[in-house]
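In each ligand, atom 1 is the first atom listed, and ligand 1 is the first ligand listed. Excluded from the calculations below are hydrogen atoms, water molecules and symmetry mates; all remaining heavy atoms, backbone and side chain alike, are included.
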Amino acid sequence: MNTNLIHKIRTSFQETFKTEPLMIFSPGRINIIGEHTDYNDGFVFPAAVNKGIVAAIGKSDSKNSSIALAVDKNEIVKICLNDLKPSAEGSWQNYVLGVVAEIQNRSKTIGNFNIAFGGDIPGGAGMSSSAALENSVVFGLNELFDLGLSKEDMILISQKAEHNYVGVKCGIMDQYASMFGIENHALLLDCRTVKSKPFKIEFKDHELILINTNVKHSLSDSAYNDRRSVCESIASMLKVKALRDASEFDLESIKDKVSPENYQKALYVIQENERAVKASKAMEAGDLKTLGKLIYASHNGLQKQYKVSCNELDFLVEQAKLNGHVLGARMMGGGFGGCTINLIEKTETASFKAFVSEAYKNQFNKECSIYSVKLSNGTGIIQ
Ligand code: GLA
């Protein structure tokens with residue numbers, strides 16, 4: 001865990017609010033495979049990482065308002081608990097406000113509070129800094145005010161905050177992984193039952209690295225919501241609850257009733273769901289070559305069928321393919337920017353990093369960032 005970050009957030013809280021806080025760490029996540037399958041009731045394969053959000057939280061004596069402080073941005077917002085409404089689109093405040101509103105929607109009562117937070121994953125990296133923030137707020141408030149919420153309740157509150165305050169109709173993967181992560185494990189999550197099976201990740205000679213394009217293209221939120229509604233409408237044409245219940249054969253039967261673009265999107269989801277399950281089997285068998293191929297195939301589908309990639313991500317995956325020691329690479333998260341995840345032979349990591357950094361700089365005249373991450377436990381109190 002990032003001790004400098006913890007120190008910085010604790011100190012900011014103490015200096016601003018003159019009391020001792022409760023400290024919470026809520027991790028971001030990676031996703032090995034299973035992208036855009038979560039809101040189709042399908043399978044995903046995420047893991048919490050040792051980067052995320054640190055929050056300091058405490059009760060406030062104020063009769064009128066609560067205060068949230070975004071330490072990195074040096075921005076503060078006053079929250080009036082009996083007059084909540086979403087703030088401007090795209091502002092961090094909606095993650096906090098949304099969680100508070102969704103707690104109240106469950107008829108739970110909280111008093112005024114102060115919170116200060118900061119993180120060590122950049123927003124837009126596709127590593128779920130937003131879910132980490134939501135989870136840290138709901139977890140902290142649950143502790144402070146003894147709300148009796150289970151972790152399952154908390155992730156649903158975080159997800160609703162994102163739907164209703166942030167305006168992204170996200171699935172449950174990010175909030176789940178961030179809350180339920182297990183050190184050194186990835187979780188094969190069935191997004192219908194919201195139950196997961198942990199897989200110990202020890203690739204021996206290989207490792208996972210992330211390469212951040214450092215871009216976040218606009219329209220990603222609306223494109224996300226559009227994809228979701230295409231999936232839902234095709235599921236309803238097929239008279240199934242979600243695309244998870246459909247086969248390629250089923251989809252074929254309505255081919256002439258949907259546009260070729262939407263057909264490809266639904267086909268991608270059906271195939272990606274199968275890839276996630278196959279990936280878990282490959283992992284169980286220690287078959288990293290097959291896992292890598294599935295990862296490359298996932299990117300191909302995200303790029304060409306689901307159309308949520310971008311030039312920068314495609315370029316990074318192409319560079320990976322040039323290197324026989326990278327078994328698989330793909331964009332990760334919602335898309336239109338953020339990171340690729342790469343399964344690479346450890347001895348090759350240093351030279352691949354140098355190669356890809358230079359190639360990216362030459363191509364786009366900007367830097368990419370490369371991270372190694374450790375798989376970590378989910379949201380919890382920092383002792
Ligand atoms: C975002 C959403 C998730 C999931 C991914 C794509 O991260 O928050 O629910 O849909 O995109 O797999």
### Query
Is the closest basic N to carboxylate O distance between R192 and D245 below 4.0 Å?
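So R192 pairs with D245 through a salt bridge.
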
### Task
Using the ring-ring contact (aromatic ring centres under 6.0 Å, His included) rule, collect all pairs that involve residues 127-153, keeping only residues at least two apart or in two chains.
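Those involving residues 127-153 do not exist here.
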
### Query
Out of F43, Y306, Y268, which one pairs with H36 under the ring pair (Phe, Tyr, Trp, His ring centres under 6.0 Å) rule?
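Of the listed residues F43, Y306, Y268, the ring pair (Phe, Tyr, Trp, His ring centres under 6.0 Å) partner of H36 is Y306.
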
For residues 67-77, which side-chain donor-acceptor pairs fall under 3.5 Å, sequence neighbours excluded?
from	atom 1	to	atom 2	distance (Å)
D72	OD1	K8	NZ	3.1
D72	OD2	G119	N	3.1
E75	OE1	W92	NE1	2.7

### Close residues, ligand 1: non-hydrogen atom nearer than 4.0 Å
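The answer is R29, E35, H36, D38, Y39, C170, G171, M173, D174, Y224, G333, G334, counting any residue whose heavy atom sits under 4.0 Å from ligand 1.
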
### Task
Check whether more than 12 heavy atoms from other residues, nucleotides or ligands sit under 6.0 Å from atom NE2 of H163, and answer yes or no.
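Enclosed: over 12 neighbouring heavy atoms sit under 6.0 Å from NE2 of H163.
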
### Non-neighbouring partners of S309 that pass side chain to side chain donor-acceptor pair (under 3.5 Å), sequence neighbours left out
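Residues passing side chain to side chain donor-acceptor pair (under 3.5 Å) with S309: D314.
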
